[in-house]
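First the structure, in the form of structure tokens, and then the observations on it.
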Amino acid sequence: MRIGKISSLLALSLAVGGIGIGAGPAFASPGPHAVAIQKVHVKIVNATTPAGSQGAFVGSSGVGSKILFTAHLGKKVVLTVDNQSFMDHNFVSPLLGANKMVTAGSTVTITFTPKKAGLIKWDCPAPCGDWVMSHMGYMEGYVKVLAK
């Protein structure tokens with residue numbers, strides 16, 4: 001009789017995932033409130049401009065694109081910025097909570113979670129060259145944050 005109770009408890013425990021292999025919390029799929037992460041990579045390169053070689057941010061749409069990348073409202077973004085240019089730059093966006101120096105030849109990671117949908121402004125306030133500083137998409141632009 002005692003072995004029967006232990007056997008029944010073991011069977012019940014396996015059925016609800018308390019002891020099973022491949023069952024239970026360690027193997028459960030993420031719930032509806034799991035934090036999704038978006039990984040984004042951008043570069044800063046020495047771009048050819050009418051004023052000569054000057055630094056420029058380059059996202060998935062290429063050099064000079066007004067939208068550096070697209071993100072999603074409430075989804076954590078891990079942004080990697082690889083500075084391949086000859087001078088230091090910054091990535092600053094108060095609405096994204098980002099303000100990071102990217103020294104020449106270095107790579108930095110910036111993490112943020114967009115809290116507002118729409119076009120969110122970013123810029124590099126360091127003097128990077130007259131031409132790139134006066135043309136949208138090179139040292140300033142937008143992160144497009146989608147509501148879904």
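Since this is a predicted model, take the numbers as computed values, not measurements.
In this structure, Ser134 OG and Met139 CE are separated by 12.0 Å, a value rounded to the nearest 0.5 Å. Atom-to-atom distance recorded for Thr70:OG1 and Gln38:CD is 8.0 Å, nearest 0.5 angstrom. Taking CD1 of Ile44 as the start and NE2 of His89 as the end, the distance is 5.0 Å to the nearest 0.5 Å. The NE2 atom of His41 lies 12.0 Å from the OG atom of Ser60; values are rounded to the nearest 0.5 Å. Atoms CG and CE, from Asn90 and Met101 in turn, are 4.5 Å apart once rounded to the nearest 0.5 Å. For the atom pair SG (Cys128) and CE (Met87), the distance works out to 5.0 Å, reported to the nearest 0.5 Å.
Between Lys76 and Thr111, the closest side-chain pair of non-hydrogen atoms falls below 4.5 Å. When side chains are defined from C-beta on, Pro114 counts as touching Val77, because their heavy atoms get closer than 4.5 Å. Within the 4.5 Å cutoff, the side chain of Ile120 has heavy atoms near those of the Ser93 side chain. Residues Phe91 and Val42 are not in side-chain contact: their nearest non-hydrogen atoms beyond the backbone lie 4.5 Å or more apart. The shortest distance between side-chain heavy atoms of Ser53 and Phe86 falls below 4.5 Å.
Nearest heavy-atom pair across Gly55 and Val132 is O-CG1, 3.3 Å. The two residues Tyr138 and Val63 make their nearest non-hydrogen contact at CE2-CG1, 3.4 Å. The minimum heavy-atom distance linking Ala56 with Ala47 is given by the pair CB-CB, 3.8 Å. Summarising the geometry of Ile110 relative to Ala98, their closest heavy-atom pair is CG2-CB, 3.8 Å, with the distance given to 0.1 Å. Between Gln84 and Asn46, the shortest heavy-atom contact is O-ND2, 3.9 Å. Closest non-hydrogen pair, Thr49 versus Gly52, comes out as OG1-O, 2.6 Å.
In Lys144, the NZ atom is not crowded: 12 or fewer heavy atoms of neighbouring residues, nucleotides or ligands sit closer than 6.0 Å. With a 6.0 Å radius and a threshold of 12 heavy atoms from other residues, nucleotides or ligands, Lys121 has its NZ atom above the threshold.
Side chain of Ser65 to main chain of Leu68: no donor-acceptor pair is present (N/O by atom type, distance under 3.5 Å, no hydrogens or angles).
Clustering ILVMFWY residues whenever any of their side-chain heavy atoms sit less than 4.5 angstrom apart, transitively, puts Ile67 in a cluster other than the one holding Val143. Hydrophobic clustering of Ile, Leu, Val, Met, Phe, Trp and Tyr side chains at less than 4.5 Å, counting indirect connections, keeps Val92 apart from Val40. Val58 and Met136 are members of different hydrophobic clusters when ILVMFWY side chains are connected at heavy-atom separations under 4.5 Å. A continuous path of hydrophobic side-chain contacts links Val81 to Leu95 [ILVMFWY only; heavy atoms under 4.5 Å]. In the hydrophobic clustering of this structure, Tyr142 does not group with Val145; members are Ile, Leu, Val, Met, Phe, Trp, Tyr whose side-chain heavy atoms approach within less than 4.5 Å, directly or through other members.
A tilted orientation is assigned to the rings of Phe69 and Phe112, their planes being inclined by 30° to 60°. The aromatic rings of His135 and Trp131 sit parallel, their planes meeting at an angle under 30°, below the 60° perpendicular limit.
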Worksheet item: Could you walk me through whether Asp88 and Thr103 pass the side-chain hydrogen bond (donor to acceptor under 3.5 Å, both in side chains) check?
Response: CA-CA 4 Å; Asp88 297 347; Thr103 58; 4.8 Å; no

